[in-house]
Amino acid sequence: MQYLRPLAHDDAPKSSGRSGGAALPPVLDHLWADVRAWWAAPHTHTSTATSDQAAVSTDSTDGDSPRTRQPADAAAHDALQKGINLLKQAADMYGHKDALFSLADLYFYEKYGQTRDLKQAFHFYHKMADLGNATAQHMVGFMYATGFGNVVPRDQAQALLYHTFAAHGANTAAEMTLGYRYLLGIGTEQKCSDAVYYYKNVAAKAIDHYLSGPPGGRAMPLPKVRLSDQAGGVYGFGASMVMDKPSWTNSDNSVSIEEVLQYLRYLALVKGDVEAQLMLGDMYYYGSRNVPQNFQEALTFFKAVVERLPTSGRKIPDTVIKSKSGEAIGQAAGYLGKMFMRGEGVQVNYQTAYKWFLVGAELQDSASMNGLGLLLLKGKQEDYDRAIDYFTKASNLKNADARVNLALEYIKHESTFDMGIQLFNLAADSKHLLAYWYLGQMYQEGIGMTAPSCQHAVAFYKAIAERGDWLYPTVETAYKAYEDGDLDGALLHYMLAAERGYEIAQANVAYLLDTHYVAQTLPQRLGLQQSRARDTDLEQLALIYWSRSANQNNVDARVKMGDYYYFGIGAPTDFEKAAACYRVAAELENSPMAMWNLGWMYEHGIGVARDFHLAKRTYDNALVANGNAYLPVKLSLLKLYLRQYVDFILGRDVDHPLFQTKPKNGANDAYPAHAEQAQHRDPQHAGDAHGHQLGEHPLDDFSEQRVALEQARRRKEIEGHDALWDRGAEEELRRQYNRHMRELEDQDDAAFRRYDDDEEDDEYSEEEELIESIIILGICILVGYLVYIRRHRVNNNNPVAQQQQQQHPPAPPHL
């Protein structure tokens, strides 16, 4: 049992990066006093930095400093330059650590209006790193790892060295970076035990901070935002696989959160709608990105709900307990008990909390039962027994907190130890941080398991480190910069987080680079607009982060890798690698986009041997995987039929006929055995290490790739989106609002607006498919012809337009 302690972790050797308390020389003392006087003086520029972040110190947690705006006038600029000169004197003449670190941050993060100068930033970070500052060592390692700003070339050996020094100095960001690199073998050999060591250290810090809060632990950080979700995914609505918001549709975002809140307030305050009152209380209790957390507002709405509680008798009637209003009252009472127990918006009052928990428990609210258990747990024996009883009841109602609390008591006794493990597993399904922590230790040491599992342990520790990032909110800082229109600042902070192993940050870096620097618009591809000059460094960086995101089970990123190899973006054109990426995404990750792309390559014999039958099978599989692909698949099949017919007329080899339901060899899928040979290099490790050739690490056994993807999928499930954590988010309220409005508008026709998920009858002939495709093509041609005729008539009936066109012919396209 000694392994199952809240903070049972091994600390790495620590080295202090602080300036220390040594007395300063008199001259330096006066100089530093001038610096501090400048720092304390009011400046006329606007800064987004808080007072804590503005303080001169080498204790920067992990280098997550916000960008600040430019000085508003010349006086502010002069004051800034004066301060910089004073800092440089202290740094150059006396090697003052605070001055060195302040200058490095100033130039790297554009603090106080200073223009970013990465060469200067690296210079001062490097000086601080040589003096043993862990944060500076991490920043130097980051610049070597990414080659950011082309200040130093990418050098993975140097990056690993500096990150290792920083991690031994207990720098959290460096520990996460090393954990991720050892987990996937980036710039070093793959070593799960080392990954567990570093990720466990970070997880222990997160759990320590979590438990340092009020009873029940601190509130979790806001869910992280995947930028591509705002556009419906990397490939748009209907075509993308990876989206963190389930059931997300474009219409859900058509209504503003202000409109939703106004409508709910109308229902809550005017109509007295209990459900609306509870939803508003929930929203203000948790807060969101656009609705600040407001305990007073939450308290008001929760009290409005519990006012519906009958007061005529001492016992609540069964009719109320079993009603929807009774359920809402129970939840509101649970919230009120929680607020008084934790001191949220009110003074801590355990007696009042106990009273509200009793009300909620009588109304079968699981959170209230768990709260009663917490209050009774430290009492007498009879109170302890009652606490276990309440935990058990709440656990049976699927309350994750109660399951963890009950499991913590069960693992203290050998007779109930196995039941404790089961409860931890159930709580882990609800993404509970403490359940992750104890399961990670159990899998690491093999306690209660058939054998230790390093992969399971590191998955839990990694999830804790990335979810519980209160102390190093780099991803949140990046998103705020993105919302403020600071693309460079967003890209910088997302890259910092990406190097630490955040899959969502890796995807966001690649997405920003792809959409703003790499991808071409349709007019540019057609030569109608001048294309931007290609930046090979940015293209390579985008490919690297697409590949890293793909390694962590991002299916769309895998398809993007194939696109980059196909079009020669960030790497030489390599059709075989493109086909390998599409094949992995299609066979192992069930991507309809990859299936269609692979079918097109089989049809044309690009990157793979030409095979019409395999092309048809992959097209068919794409339609089965995604019904939205109906039109492109049907048009592709029609073209495929025509190609085979033409080749047959010309006497070319067309293999077996397309109208045959199965290949002659009896295979029933589009992925032949010969495609699994080592001739396809593994795209999983393509570009993982900045210093490696893209496409290295071929796998001789396709099963190794399957195992790696299964491990990544397991980690993604643990780290993935959890609706319970996001139940107060605006998106959920918008969905409920839109659903409610549709029901009010036309309840009778609601059934016709539902998506029919039933599978279509597949028992139709290939001839019928061909006829259907021809009809669709004919309709498309007819529509195009009618549009052409209409425009021709409009032009003929507008002589003024004809005259202007003759006088001013259109300019030739820019090529």
Side-chain angles (χ1 to χ4, degrees), residues 17-19 23-131 133 135-136 139-140 142-143 148-151 477-478 480-493 496:
R18 301 181 59 86
S19 300
L24 299 176
V27 176
L28 182 56
D29 189 38
H30 291 300
L31 180 59
W32 191 240
D34 291 340
V35 173
R36 293 191 180 277
W38 167 81
W39 211 281
H43 303 294
T44 57
H45 70 278
T46 303
S47 173
T48 59
T50 64
S51 59
D52 291 338
Q53 291 163 333
V56 181
S57 172
T58 60
D59 287 341
S60 175
T61 306
D62 293 306
D64 297 334
S65 303
R67 178 183 176 180
T68 57
R69 297 190 180 97
Q70 294 292 333
D73 50 33
H77 181 268
D78 292 341
L80 174 64
Q81 293 305 314
K82 179 181 178 182
I84 292 176
N85 291 334
L86 290 171
L87 288 171
K88 285 185 176 179
Q89 290 181 42
D92 295 338
M93 296 175 60
Y94 303 100
H96 194 275
K97 295 182 179 179
D98 283 345
L100 286 168
F101 195 87
S102 298
L103 285 168
D105 269 6
L106 204 69
Y107 286 116
F108 191 84
Y109 293 108
E110 295 186 302
K111 281 187 173 183
Y112 308 104
Q114 173 61 42
T115 305
R116 180 174 287 122
D117 189 332
L118 295 176
K119 290 185 178 180
Q120 289 274 31
F122 180 82
H123 169 73
F124 290 113
Y125 277 138
H126 198 277
K127 277 193 170 184
M128 279 298 295
D130 290 343
L131 295 175
N133 181 276
T135 304
M139 296 303 294
V140 172
F142 167 78
M143 297 184 78
F148 185 69
N150 295 320
V151 177
T477 303
K480 288 179 180 178
Y482 177 79
E483 286 289 284
D484 292 339
D486 181 10
L487 182 61
D488 291 340
L491 191 60
L492 171 62
H493 284 89
L496 286 167

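All values reported here derive from a predicted model rather than from experimental measurement.
- Heavy atoms only, all atoms of each residue included: Leu103 and Ala91 are closest at CD1-CB, 4.0 Å.
- With sequence neighbours excluded, the residues satisfying side-chain contact (heavy atoms from CB on, under 4.5 Å) with Asp92 are Lys88, Phe124, Lys127.
- In terms of heavy-atom proximity, Ala481 sits nearest to Ala490 at CB-N, 3.6 Å.
- Taking Asp117 as the reference, Tyr107, Lys119, Gln120 meet the side-chain contact (heavy atoms from CB on, under 4.5 Å) condition, with sequence neighbours excluded.
- The aromatic rings of Phe101 and Tyr125 sit perpendicular to each other, their planes meeting at more than 60°, with 30° as the lower class boundary.
- Looking at every heavy atom in both residues, Leu118 comes nearest to Gly149 through CD1-CA, 3.4 Å.
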message: The test is side chain to side chain contact (heavy atoms under 4.5 Å, CB included); show your working for Val140 and Met128 and say whether it passes.
response: CA-CA 10 Å; Val140 172; Met128 279 298 295; over 6 Å; no
field: Trace of the side chain to side chain contact (heavy atoms under 4.5 Å, CB included) decision for Lys97 with Asn133
entry: CA-CA 9 Å; Lys97 295 182 179 179; Asn133 181 276; over 6 Å; no
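- Nearest heavy atom pair, residue Ala136 against residue Ala129, reads CB-N, 3.7 Å.
- Here CG of Leu487 is found 11.0 Å from CG of Leu492. Values are rounded to the nearest 0.5 Å.
- Here the closest heavy-atom approach between residue Gly113 and residue Leu80 is recorded as C-CD2, 4.0 Å.
- Pairing each heavy atom of Gly95 with each of Leu131, the nearest pair is O-CD1, 4.4 Å.
- Expressed to the nearest 0.5 Å, how far OG1 of Thr477 lies from CG of Asp486 amounts to 11.5 Å.
- Residues satisfying the ring-ring contact (aromatic ring centres under 6.0 Å, His included) criterion with Phe122, sequence neighbours excluded, are His126, Tyr144.
- The CD atom of Gln81 sits 11.5 Å away from the CG atom of Leu86 when rounded to the nearest 0.5 Å.
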